[in-house]
Amino acid sequence: MPNYWLMKSEPDAFSIDDLKRLTQSPWDGVRNYQARNFMKEMKIDDLIFFYHSSCSPAGIVGVAKVCKEAYPDHTSWDPNSAYFDAKSTPEKPRWFMVDVAFVEKWSSILTLAELKQSPALADMVLTQKGNRLSVMPISSDEWDYITAILKK
DNA sequence: GCCAACGTTGGC
DNA sequence: GCCAACGTTGGC
């Protein structure tokens, strides 16, 4: 049984088209403890909703899956990286990442506005006011409901 | 570009 | 340990 997740990315920085082109990619740059802890829970073949944020419209654009479980994010000790954190070292890494693989890109975006309209999704982390998590769990019910919307 | 909401930092 | 100040996220 896979677990389900949602991961946000700004399409200007890394989009689902980028992932499709690369086939798979490290998910680096997460610098939030809660998001990091969720990544540490991820297992191979867990499924991920790929979400485009800070764009118009924001929403879920497709599916990816975990292809490498959590390991230290080396960009955290690279002084030339935008994600550098002086408190993270190879000996004592503070930040972790997973690798994700492309699964599918949907023919249309499932927008945040649409997700918010579904009473069945009212308890989703994503739709909660003020939520800013970039990595979050999705329940199997939510996963099934959302993927069913697409088939209508 | 605005701004609400949140997480982190650091003084005390 | 509290909490004000600050920086960031991300929808609109």
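Chain naming here is simple, since letters A, B, ... match the order of the sequence lines and numbering starts at 1 in each. Values in this document were obtained by computation on a predicted structure and should not be read as measured data.
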**OP:** Look at A/K8 and C/dT9 and indicate whether a side-chain polar atom (N or O) is within less than 4.0 Å of OP1 or OP2.
**Re:**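 False: A/K8 side-chain N/O out of range (4.0 Å or more) of C/dT9 OP1/OP2.
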Original post:
Is the shortest side-chain N/O distance from A/Y51 to OP1 or OP2 of C/dG11 below 4.0 Å?
Top reply: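 For A/Y51, the contact criterion (side-chain N or O under 4.0 Å from OP1 or OP2 of C/dG11) is met.
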Subject >> Residue among A/R36, A/K40, A/R31 satisfying salt bridge (Lys or Arg N to Asp or Glu O under 4.0 Å) with A/D73 >> reply: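 Single pass found, and it is A/R31.
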Subject >> Nucleotide of B/dT8, B/dT9, C/dG11 approaching A/Y33 most closely (side-chain heavy atoms) >> reply: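 For A/Y33, the side-chain atoms sit closest to B/dT8.
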**OP:** Please tell me which of the listed nucleotides, B/dG7, C/dG11, B/dT9, lies nearest to the side chain of A/Q34?
**Re:**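 So the nucleotide nearest the side chain must be B/dG7.
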Original post:
Where the side chain of A/S15 meets the backbone of A/D17, is there a donor-acceptor pair that is under 3.5 Å apart?
Top reply: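 Checked: pair present.
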Measure [atom1]/[X] against [atom2]/[N] and give the value in whole Å, please.
X: A/D12; N: C/dG11; atom1: CG; atom2: C1'; answer: 15 Å
X: A/F38; N: B/dG7; atom1: CZ; atom2: C1'; answer: 15 Å
X: A/H52; N: C/dT9; atom1: NE2; atom2: P; answer: 17 Å
X: A/N32; N: C/dT9; atom1: CG; atom2: P; answer: 10 Å
X: A/K87; N: B/dG7; atom1: NZ; atom2: C1'; answer: 13 Å

Original post:
Under a 4.0 Å heavy-atom cut-off, which of residues 119-136 of chain A touch DNA chain B?
Top reply: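 By residue number: A/K129, A/G130, A/R132.
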Original post:
Which heavy atom of A/S88 sits nearest a heavy atom of A/S76, and at what distance?
Top reply: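 Where A/S88 meets A/S76 most closely, the heavy atoms are OG-OG, 2.8 Å.
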Original post:
Would A/R21 and A/D18 pass as an ion pair if we require N to O under 4.0 Å?
Top reply: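 Looking at A/R21 and A/D18, the cut-off is met.
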**OP:** Determine which pairs satisfy ring-ring contact (aromatic ring centres under 6.0 Å, His included) with at least one residue from residues 76-117 of chain A, sequence neighbours left out, and list them in order.
**Re:**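 ring-ring contact (aromatic ring centres under 6.0 Å, His included) check on residues 76-117 of chain A returns A/Y33-A/W95, A/F49-A/W106.
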**OP:** Report yes if the distance between the aromatic ring centroids of A/W5 and A/Y51 is under 6.0 Å, otherwise no.
**Re:**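 That pair fails the under 6.0 Å test.
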